[in-house]
Engineer: 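What follows is a structure written as structure tokens; I'll ask about it next.
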Amino acid sequence: MEDAQLEGRNFQAQKKHLQRTRSSSAGVFDDKKYPDKAHQEMMAETCLVSSNGGAFSKVEIDNDVDPAEYADFEKAVAEVDSKLPAVPAGRNPELRIRKLGRHNARGLFAADRNAVAVDVRTSEAYIHEMGHYYDHIVGENASLKQDFRSISRDYAAALKEPDSKRRQYLNTPTEQLARGFEVYAVERLGINNRLVRPEKFDDPDYAPFTQNPELKQRIFAFFDKTFS
């Protein structure tokens with residue numbers, strides 16, 4: 001009975017989370033109408049697009065993105081490509097390089113569009129947003145499956161977050177999974193560049209994993225099994 005109730009709560013929390021994401025990211029995942037010539041060339045030539053051997057079906061770069069900044073980001077993504085779980089053929093996500101200040105975000109993922117958006121000025125949200133991609137697209141909503149349910153429950157029990165609204169957000173299964181995936185990427189996959197910020201791992205939203213070795217190993221085993 002308790003497991004069935006948790007399943008229902010998690011499903012409803014995930015549904016509301018996706019609705020909020022769609023609402024807050026309006027316009028982020030739409031093509032820009034007038035890309036300039038220089039950025040059109042960057043998009044065509046980037047090594048991150050699948051036609052050039054990369055993981056993404058499409059890469060779009062805003063006109064105001066600094067080419068040197070993008071080149072550094074591109075190098076960082078190429079460095080981790082072989083370390084991350086494989087992107088299945090036919091499920092390649094889109095990548096949108098945006099300035100996301102007005103959305104109060106450093107990265108976003110749209111499951112209905114299979115698209116990642118990253119603010120290249122920091123790009124530290126990249127691994128987190130890819131965690132959402134692996135959850136929703138590769139794992140077909142892995143965070144809602146039975147294998148993840150006990151991890152979700154124990155994360156919620158260990159979370160020390162006094163603000164009820166933020167606690168509700170953090171206890172959305174896909175947000176739990178994405179934070180665990182960041183820790184997994186650093187500690188198990190050996191990723192350590194501008195695409196993730198391990199200094200955050202002392203924060204309350206990561207503490208249920210980083211301060212509980214048993215729970216951390218359980219989510220690592222979950223990732224090994226689900227995305228191997």
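Position 1 is the first residue of the sequence; numbering continues from there.
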Engineer: Write out all pairs satisfying salt bridge (charged side-chain N to carboxylate O under 4.0 Å, His left out) with one or both partners inside residues 35-59, taking only residues at least two apart or from two chains.
Structural biologist: Asp31-Lys58
Engineer: Go through the structure and list residues passing salt bridge (Lys or Arg N to Asp or Glu O under 4.0 Å) with Arg167, not counting sequence neighbours.
Structural biologist: none
Engineer: Between His128 and His132, do the side chains contain an N or O donor and an N or O acceptor separated by less than 3.5 Å?
Structural biologist: yes
Engineer: Can you list everything that forms a ring-ring contact (aromatic ring centres under 6.0 Å, His included) with Tyr134? Sequence neighbours excluded, please.
Structural biologist: Phe181, Phe227
Engineer: Please determine if Asp30 and Arg113 form a salt bridge, counting it only when a charged side-chain N lies under 4.0 Å from a carboxylate O.
Structural biologist: yes
Engineer: Does the pair Asp119/Lys99 count as a salt bridge with the N-to-O cut at 4.0 Å?
Structural biologist: no
Engineer: Applying side chain to side chain contact (heavy atoms under 4.5 Å, CB included), name anything that partners Lys83, two or more places apart in sequence or on another chain.
Structural biologist: Ile191
Engineer: Taking Arg166 first and then Glu175, would you say they form a salt bridge - that is, a charged N and a carboxylate O separated by under 4.0 Å?
Structural biologist: no
Engineer: Taking only residues two or more places apart in sequence, or in another chain, which ones meet Lys200 in a salt bridge (Lys or Arg N to Asp or Glu O under 4.0 Å)?
Structural biologist: Glu182
Engineer: Check Arg106 with Glu124, please: is the shortest side-chain N to carboxylate O separation under 4.0 Å?
Structural biologist: yes
Engineer: Using a strict cut-off of less than 4.0 Å between a Lys/Arg side-chain nitrogen and an Asp/Glu carboxylate oxygen, indicate whether Arg96 and Asp62 qualify as a salt bridge.
Structural biologist: no
Engineer: Identify which one of Asp135, Val116, Val118 satisfies the side chain to side chain contact (heavy atoms under 4.5 Å, CB included) criterion when paired with Met130.
Structural biologist: Val116
Engineer: Name all residues meeting the side-chain hydrogen bond (donor to acceptor under 3.5 Å, both in side chains) criterion together with Asp64; count only those two or more places apart in sequence or in a different chain, and write none if there are none.
Structural biologist: none
